[in-house]
Amino acid sequence: MAPVPLVILDEIDSTNAEARRLAEAGEAGPRWIVARRQTAGRGRRGRKWDTDQGNLAATLLITTPKSAAEAAQATFIAALAVADLLDVFVSPAFVSIKWPNDVLLDGVKVSGILVESGRHANGDLWLAVGIGVNLAHAPEGTERGATSVAERLRADLAYVPPIEAAAEILAETFAVWWGRWQTMGFEPVLDAWTSRLTGLNGPCVARLDNETIEGQAEGVEQDGALRLRLADGSVRLISAGDVFFGKAA
């Protein structure tokens, strides 16, 4: 993946919304859109995602000829890219991923990822890979708590990473995993992603769009879907939803 233009804006409603507007206007990317502040950022299931000054809000607009099912694998690439970014500033021992794409520091959420898509005028699929990372601040009042990079900085780092530096590193780490995906397929992405996962075996609660189910997590399928064994012995494959493992379940 060649170097991608990186545009940093002082303020915008939502980097994902801007990516959508550009795509619908014919822009094919790739292009990173970064904002120092978002006024109407969004997370999964329509939740509000506040971006305080000092935190990273970034969206990659990119197009792909892959099918929608294959393109959904971009969420795993994004999670790995964020984890690699965090490794630069905190001890890698603190960094993990909670299925499917929540990146954690010492078991607490530090990043959110939202991938949106649509059909581009050129016939390809456009993707808006939205990534938020709590660099300087953690939001208050979240359901399961949140943390920031500032709270877990390595002892040899005396400063919170500036947005510009973090965005450049993120663009580099994402390009590495996107390139591997393009040339080698999903398997190396899945292997690396699985190696960072926590809580994949044990009690699990999954909140889906129209139901909440409980069972025992039994790892993931080759497409990254979560295997959940229910009390009656049947297995459900979960492709998207909010999941909670272990004591949190």
Side-chain angles (χ1 to χ4, degrees), residues 1-51 55-85 100-103 111-133 135 163-164 166-183 185-186 189 193 209 223-224 239-241:
M1 189 174 181
V4 175
L6 196 152
V7 178
I8 299 179
L9 307 171
D10 285 333
E11 183 176 298
I12 200 169
D13 54 350
S14 159
T15 55
N16 264 38
E18 177 66 4
R20 176 182 289 273
R21 288 189 289 264
L22 290 171
E24 292 177 347
E27 171 70 51
R31 175 199 298 259
W32 280 99
I33 303 153
V34 180
R36 293 189 173 87
R37 182 171 180 269
Q38 283 189 134
T39 59
R42 292 173 293 112
R44 287 200 307 267
R45 307 177 88 173
R47 295 189 184 106
K48 185 178 181 182
W49 182 275
D50 290 321
T51 305
N55 286 349
L56 177 64
T59 296
L60 173 65
L61 170 62
I62 196 166
T63 52
T64 176
K66 292 181 181 291
S67 68
E70 282 185 292
Q73 295 168 358
T75 191
F76 301 93
I77 295 170
L80 285 171
V82 172
D84 286 352
L85 161 67
N101 58 20
D102 283 342
V103 185
S111 172
I113 293 168
L114 178 65
V115 179
E116 298 178 299
S117 64
R119 187 60 58 187
H120 195 275
N122 66 12
D124 287 344
L125 200 66
W126 63 259
L127 302 177
V129 184
I131 297 171
V133 182
L135 297 175
I163 290 171
E164 295 84 354
E168 289 178 1
I169 295 170
L170 178 64
E172 292 171 2
T173 58
F174 192 98
V176 167
W177 286 109
W178 183 273
R180 289 175 184 166
W181 180 57
Q182 295 279 52
T183 58
F186 188 50
V189 174
W193 174 82
D209 287 339
D223 62 356
S239 295

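All figures in this text were calculated on a predicted structure; none of them were measured in a lab.
Legend: residues meeting salt bridge (Lys or Arg N to Asp or Glu O under 4.0 Å) with E11, ordered by chain and number and at least two apart, are R37. Qualifying ring pair (Phe, Tyr, Trp, His ring centres under 6.0 Å) partners for W181, counting only residues two or more places apart in sequence or in other chains: W178. Checked against side chain to side chain donor-acceptor pair (under 3.5 Å), R21 has the following partners two or more places apart in sequence or in another chain: D13, E18. Judged as a side chain to side chain donor-acceptor pair (under 3.5 Å), and not counting sequence neighbours, W126 has no contacts. Applying the salt bridge (Lys or Arg N to Asp or Glu O under 4.0 Å) rule to E70 yields no partners; only residues at least two apart in sequence or on another chain are considered. Residues passing the side-chain contact (heavy atoms from CB on, under 4.5 Å) test with A71 are T64, L125, L127, sequence neighbours excluded. A78 meets the side-chain contact (heavy atoms from CB on, under 4.5 Å) test with I113, V129, I131, F174; sequence neighbours excluded. Remark: W193 engages no residue in a side chain to side chain donor-acceptor pair (under 3.5 Å) (not counting sequence neighbours). Residues passing the side chain to side chain donor-acceptor pair (under 3.5 Å) test with N122, sequence neighbours excluded: H120. Every residue two or more places apart in sequence or in another chain that forms a salt bridge (Lys or Arg N to Asp or Glu O under 4.0 Å) with E164 is listed here: R36.
The line from CD1 of I33 to CG of L22 is 5.0 Å long, rounded to the nearest 0.5 Å. Going from atom CG of L61 over to atom CG of N16 covers 10.0 Å, rounded to the nearest 0.5 Å. We find the CD1-OG distance between I62 and S117 to be 13.5 Å, quoted to the nearest 0.5 Å.
For L6 against A171, the heavy-atom pair with the smallest separation is CD1-CB, 4.3 Å. Annotation for S14 and Q38: closest pair CA-OE1, 3.5 Å, computed over non-hydrogen atoms. The two atoms that bring L56 and A167 nearest to each other are CD1-CB, 4.0 Å, heavy atoms only. Shown here for P100 and G241, the closest heavy-atom pair between the two residues is CD-O, 4.2 Å. Summarising the geometry of F76 relative to G224, their closest heavy-atom pair is CZ-CA, 3.9 Å, with the distance given to 0.1 Å. S111 and D102 make their closest contact through O-OD1, 4.1 Å (heavy atoms, listed as atom of the first residue, atom of the second, distance).
Identified under the salt bridge (charged side-chain N to carboxylate O under 4.0 Å, His left out) test for residues 23-34, with sequence neighbours left out: R20-E24, E27-R31.
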